[in-house]
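Structure first, then comments.
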Amino acid sequence: EHCYSRQIADASIGKLREWTQKGGQFLSWTSFNDPHPPFYPPAGYFARYAALELPEPRVRPKDASPSQQEVSGDSIWMQMTPLDHRVMKAGYYGLVELADHHIGRVLDTLDALGLWDDTMIVFTADHGEMLGDFGRYAKSVMWEQAVHMPFYVYHPDLEPGEREGF
């Protein structure tokens, strides 16, 4: 498939191989754009999720203050049908899987090059995704869906769960 995640992984893998041949220490920063709008993964990734019964976005209780209308206004997201939301979620989840696949390729390359036991890995993201909840998409509010993101650190000299020592 032709996509940014593949191009980013290919470039990163190429650099890892190049730097390993040269020897010495190096820092590699690999930054994937996926999942990010527009949510258009390759067809196979989309199809896996489009076939599932995906949950509809959450809405605020009718008696909540501020009301759903006050929170979302007349945004285009409020005009979306349940099918529109399913298509968006299928695209988003497809891109998550796509990024996961290509991140895995980079990690597999670290292992194949014998770098796993000599490499610290930090994995994070810059924001979450509202994914239609409360009439919002993207990251425009400081709600859990928008600010919840992964943050993992692997260090070869630390045991899983260990927080001190590096």
Side-chain angles (χ1 to χ4, degrees), residues 1-16 28-112 116 119-154 160-161:
E1 85 263 352
H2 176 75
C3 62
Y4 288 129
S5 285
R6 182 186 183 109
Q7 292 173 339
I8 292 164
D10 288 348
S12 181
I13 289 167
K15 284 295 186 184
L16 289 171
S28 176
W29 177 307
T30 302
S31 181
F32 288 86
N33 195 46
D34 291 323
H36 203 277
F39 298 144
Y40 298 135
Y45 287 92
F46 177 81
R48 271 193 281 286
Y49 296 95
L52 299 176
E53 193 64 37
L54 300 173
E56 290 190 27
R58 292 187 286 171
V59 296
R60 295 175 61 75
K62 293 195 185 308
D63 60 349
S65 180
S67 70
Q68 182 70 49
Q69 179 64 29
E70 291 172 296
V71 168
S72 303
D74 292 325
S75 81
I76 191 168
W77 311 120
M78 292 302 293
Q79 300 169 28
M80 292 174 65
T81 68
L83 177 60
D84 293 333
H85 287 294
R86 286 188 62 218
V87 168
M88 289 285 277
K89 281 191 176 191
Y92 177 80
Y93 294 151
L95 287 176
V96 169
E97 184 180 344
L98 177 73
D100 182 66
H101 169 74
H102 290 292
I103 291 166
R105 291 179 52 227
V106 173
L107 296 177
D108 288 346
T109 300
L110 284 173
D111 191 37
W116 195 258
T119 301
M120 179 176 170
I121 299 168
V122 177
F123 177 86
T124 192
D126 60 340
H127 61 84
E129 170 58 52
M130 291 300 295
L131 211 52
D133 283 352
F134 311 116
R136 300 281 190 155
Y137 276 85
K139 56 185 181 201
S140 59
V141 291
M142 295 300 288
W143 292 342
E144 182 66 16
Q145 297 88 332
V147 298
H148 190 96
M149 59 194 143
F151 185 81
Y152 300 101
V153 176
Y154 166 80

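The two atoms that bring Lys89 and Leu54 nearest to each other are CB-CD1, 3.8 Å, heavy atoms only. Considering all non-hydrogen atoms of both residues, Ala99 and Ser5 come closest at CA-OG, 4.2 Å. Taking every heavy atom of both residues into account, Trp116 and Asp111 meet most closely at CB-OD1, 4.0 Å. Closest approach of Pro35 and Val96 over heavy atoms only: CG-CG2, 3.6 Å. Nearest approach of Tyr40 to Leu95, heavy atoms of both residues: N-CD1, 4.0 Å. Nearest heavy atoms, Phe46 versus Ala90: CE1-CB, 3.6 Å.
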Please evaluate residues Tyr93 and Leu52 with respect to the criterion side-chain contact (heavy atoms from CB on, under 4.5 Å), reporting the C-alpha separation (whole Å), side-chain torsions for both, the decisive distance (0.1 Å), and the verdict.
CA-CA 11 Å; Tyr93 294 151; Leu52 299 176; over 6 Å; no

Test log, rule side-chain contact (heavy atoms from CB on, under 4.5 Å), inputs Met130 and Val141:
CA-CA 9 Å; Met130 291 300 295; Val141 291; 3.8 Å; yes

Verdict with supporting geometry, Glu97 and Tyr49, side-chain contact (heavy atoms from CB on, under 4.5 Å):
CA-CA 10 Å; Glu97 184 180 344; Tyr49 296 95; 2.8 Å; yes

Just do the side-chain contact (heavy atoms from CB on, under 4.5 Å) check on Asp10 and Arg105 with the steps written out, would you?
CA-CA 9 Å; Asp10 288 348; Arg105 291 179 52 227; 2.5 Å; yes

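We find the CD1-CG distance between Ile13 and Leu107 to be 9.5 Å, quoted to the nearest 0.5 Å. We find the OG1-CG distance between Thr109 and Leu16 to be 6.5 Å, quoted to the nearest 0.5 Å. Between the CD atom of Glu56 and the CG atom of Leu83 there is a distance of 10.5 Å, given to the nearest 0.5 Å. To the nearest 0.5 Å, the span separating CD on Gln145 from CZ on Arg136 amounts to 11.5 Å. The distance from the OG1 atom of Thr119 to the OH atom of Tyr154 is 8.0 Å, given to the nearest 0.5 Å. We find the CZ-CZ distance between Phe32 and Arg6 to be 12.0 Å, quoted to the nearest 0.5 Å.
When ring centroids are compared, His85 and Tyr137 come within the 6.0 Å threshold.
The environment of His148 atom NE2 is sparse: at most 12 non-hydrogen atoms of other residues, nucleotides or ligands sit within 6.0 angstrom.
Ring geometry, Trp143 versus Phe134: the interplanar angle exceeds 60°, so the pair is classed perpendicular (tilted spans 30 to 60°).
A donor-acceptor pair is defined here as one N or O able to donate and one able to accept, closer than 3.5 Å; such a pair exists between the side chain of Glu129 and the backbone of Ala138. In this structure, the side chain of Arg86 engages the main chain of Ala50 through a donor-acceptor pair within 3.5 Å.
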